[in-house]
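Note that the coordinates shown come from a computational prediction; the quantities given were computed from them, not determined experimentally.
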Amino acid sequence: MAARTVPPRAGLAVFLACTAVAAWLAWPSRNVHGNPGLETLRASCRTTGKVTARLYEGNGGATTSYWYTVTLEGDALGRERQVFFAYAFPQVVGIDCAGDAVIVRGDTLSRRIEPAAFSTLRETPMQFWSGKETTIASQPRASLTVVAAAVTALGGLAVLLKTRVNRADRNRNAG
């Protein structure tokens with residue numbers, strides 16, 4: 001039985017598709033916690049430093065509590081990233097931009113976020129879980145996503161290399 005070969009164009013198409021999927025998997029969400037697909041924009045403001053702050057309210061349905069996400073947009077890449085997260089409470093009722101700072105207003109809380117803290121909070125947001133402030137570096141899902149992206153990209157590369165080897169073998173056998 002003869003070995004099947006993959007046409008070069010098909011190999012390139014598979015490689016490009018795998019690379020696109022890998023990039024999509026590896027590109028970070030705006031949130032570390034919460035699900036952007038279940039969030040509704042409640043308020044936004046812009047600092048004098050041209051950073052846009054947004055307050056989202058999340059609702060996962062009857063079996064979960066509401067959550068609140070505050071994001072900032074305006075880093076070097078223009079990405080929107082979560083800087084504040086609260087699950088259940090404190091309930092966040094609004095945000096204000098005061099000069100270059102952002103103020104998060106809650107029913108039992110008021111936090112002023114200064115520009116010096118923006119980059120740190122983009123990596124590890126300020127977090128409240130049922131009223132308790134905590135620090136959880138990142139979701140394990142983020143690490144798994146990077147691994148899945150790498151495996152997908154390597155799979156696409158393997159198909160591309162196989163098509164190149166097949167082409168070289170055919171050229172050698174034809175000559």
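Nearest heavy-atom pair, I95 versus S44, reported as atom, atom and distance to 0.1 Å: CD1-CA, 4.0 Å. Contact detail for E114 and A101: the closest heavy-atom pair is OE1-CB, 3.8 Å. Nearest approach of V102 to C97, heavy atoms of both residues: CG2-SG, 4.4 Å. Scanning all heavy atoms of the two residues, the minimum distance from A53 to L72 falls at CB-CD2, 3.7 Å.
Side chain of Y87 to main chain of S65: a donor-acceptor pair is present (N/O by atom type, distance under 3.5 Å, no hydrogens or angles). Under a 3.5 Å cut-off, the side chain of T48 and the backbone N or O of G99 do form a donor-acceptor pair. Q127 places a side-chain N or O within donor-acceptor distance of the main-chain N or O of P125, the cut-off being under 3.5 Å.
Distance check, rounded to the nearest 0.5 Å: CZ of R81 to CG of L121 gives 12.0 Å. Remark: F118 CZ to E123 CD distance equals 14.5 Å, nearest 0.5 Å. In this structure, the separation between CG on L41 and CD on E57 is 11.0 Å, given to the nearest 0.5 Å. I103 CD1 to R111 CZ: the interatomic distance, rounded to the nearest 0.5 Å, is 13.0 Å. Within the model, atoms CE of M126 and OG1 of T134 stand 13.0 Å from one another, a figure rounded to the nearest 0.5 Å. Atom CD1 of I113 and atom OG1 of T47 lie 11.5 Å apart (nearest 0.5 Å).
Of the N and O atoms on the side chains of S110 and R105, not one donor lies less than 3.5 Å from an acceptor on the other residue.
A ring-ring contact (aromatic ring centres under 6.0 Å, His included) with F85 is found for exactly one of Y68, Y66, W129, namely W129. Remark: of the listed residues T69, N31, T40, L38, T69 is the sole one forming a side-chain contact (heavy atoms from CB on, under 4.5 Å) with Y56.
The existence of a salt bridge linking R30 and E39 is confirmed by a sub-4.0 Å separation between a basic side-chain nitrogen and an acidic carboxylate oxygen.
Aromatic ring centroids of W67 and H33 lie 6.0 Å or more apart. Residues F84 and F128 place their aromatic rings such that the two centres sit under 6.0 Å apart.
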